[in-house]
Amino acid sequence: MIVIPLNIKEQTEIAKAKPSGELLNWDDLRKMKYSWNVACEVLRMRPPTVGAFRVAKTDFTYGSFTIPKGWKLHYLPHYTQRNHEFFPHPEKFDPSRFEGAGPAPYTFVPFGGGARMCPGNEYARAEILVFMYNIVTRYNWERLIPDEKVVIDPLPRPVHGLPIKLIPHKTEA
Ligand code: HEM
């Protein structure tokens with residue numbers, strides 16, 4: 001299981017600047033750069049899909065392989081995203097890989113790429129950041145099974161569904 005370094009500065013600053021009860025907007029999501037880098041590093045190390053298929057439209061050569069027209073190809077984000085050439089020390093959890101220009105094109109592909117790239121990727125980004133914002137601004141939490149294992153069958157998931165105990169932040173009276 002990856003232990004994610006938490007830094008709730010971004011969420012705290014956004015929450016402080018908002019009138020009570022006002023919902024998040026796109027500008028707020030754009031400010032959560034570090035949080036998105038953390039999410040991307042999780043998507044790099046544990047891509048939630050096993051890739052997708054493509055059909056070769058023409059004969060081509062890739063490395064030492066000749067792929068004939070009509071063959072079906074399967075790409076795996078898991079392997080590409082652990083390539084030492086593009087992600088030094090690939091087993092290290094390091095959100096700073098996504099700072100600046102980030103990884104080279106087509107090396108970070110949790111949402112696929114090209115014309116059939118996942119159309120839900122921006123929606124998924126919004127969902128992940130809204131979830132992160134709400135959980136860190138409202139709660140602390142404790143994992144109920146500290147050393148819970150992750151199984152891959154075929155998608156990665158915590159064996160027991162990651163049970164946690166939520167502890168609401170104290171609100172001032
Ligand atoms: C973290 C969340 C998500 C991940 C990692 C993900 C990943 C992927 C991947 C790898 C593909 C295959 C892309 C390819 O063929 O190269 C895909 C396709 C697709 N995804 Fe997602 N997805 C996510 C969330 C969503 C959401 C929230 C929606 C819809 C609201 C969505 C809708 C679709 C659709 C419709 C396709 C098929 C696109 C096509 O074949 O043209 N996905 N997704």
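Order of appearance sets the numbers: ligands from 1, and atoms from 1 within every ligand.
- No side-chain donor-acceptor contact under 3.5 Å links Gln81 and Thr107.
- Protein N/O/S atoms found under 2.8 Å from atom 21 (Fe) of ligand 1: Cys118 SG.
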Checking Val55 against Lys57 for the side-chain contact (heavy atoms from CB on, under 4.5 Å) test, could you report, in this order, the C-alpha distance in whole Å, the side-chain angles of both residues, the deciding distance, and whether it holds? CA-CA 6 Å; Val55 174; Lys57 288 196 154 180; 5.8 Å; no
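- Contact annotation: the side chain of Arg44 approaches that of Phe98 to within less than 4.5 Å [non-hydrogen atoms, C-beta and beyond].
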Go through the steps to decide whether Asn83 and Tyr79 satisfy the test side-chain contact (heavy atoms from CB on, under 4.5 Å), and finish with yes or no. CA-CA 6 Å; Asn83 184 328; Tyr79 288 112; over 6 Å; no
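- Atom 5 (C) of ligand 1 has its closest protein heavy atom at Pro110 O, 3.5 Å.
- Close contacts of ligand 1 with Ala52, meaning ligand atoms under 4.0 Å from a residue heavy atom, involve 12 (C), 14 (C), 15 (O).
- Residue contact check: Pro48 has heavy atoms under 4.0 Å from atoms 5 (C) of ligand 1.
- With hydrogens left out, the protein atom closest to atom 15 (O) of ligand 1 is Arg54 NH1, 2.9 Å, a heavy atom.
- Here's the thing with Glu127: none of its N/O atoms is less than 3.5 angstrom from an N/O atom of ligand 1.
- Cation-pi geometry between Arg82 and Phe87 is not met at under 6.0 angstrom from the ring centre and within 45 degrees of the axis.
- At the top of the distance list for atom 13 (C) of ligand 1, counting protein heavy atoms only, stands Arg116 O, 3.3 Å.
- With contacts defined as side-chain heavy-atom distances shorter than 4.5 Å, the pair Leu24/Leu129 does not qualify.
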With side-chain contact (heavy atoms from CB on, under 4.5 Å) as the criterion, how do Tyr133 and Ile14 come out once you've worked through the C-alpha distance, each side chain's angles and the decisive distance to 0.1 Å? CA-CA 9 Å; Tyr133 175 87; Ile14 293 166; 3.9 Å; yes
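- Remark: Tyr62 pairs with no residue by the ring-ring contact (aromatic ring centres under 6.0 Å, His included) rule, at least two apart or across chains.
- Regarding atom 27 (C) of ligand 1, its nearest protein heavy-atom neighbour is Tyr123 CD2, 3.5 Å.
- The backbone N or O of Leu23 sits less than 3.5 Å from a side-chain atom of Lys18, completing a donor-acceptor pair.
- Residue Tyr75 places a heavy atom less than 4.0 Å from ligand 1.
- Aromatic ring centres of Phe86 and Phe108 lie farther apart than the 6.0 Å criterion allows.
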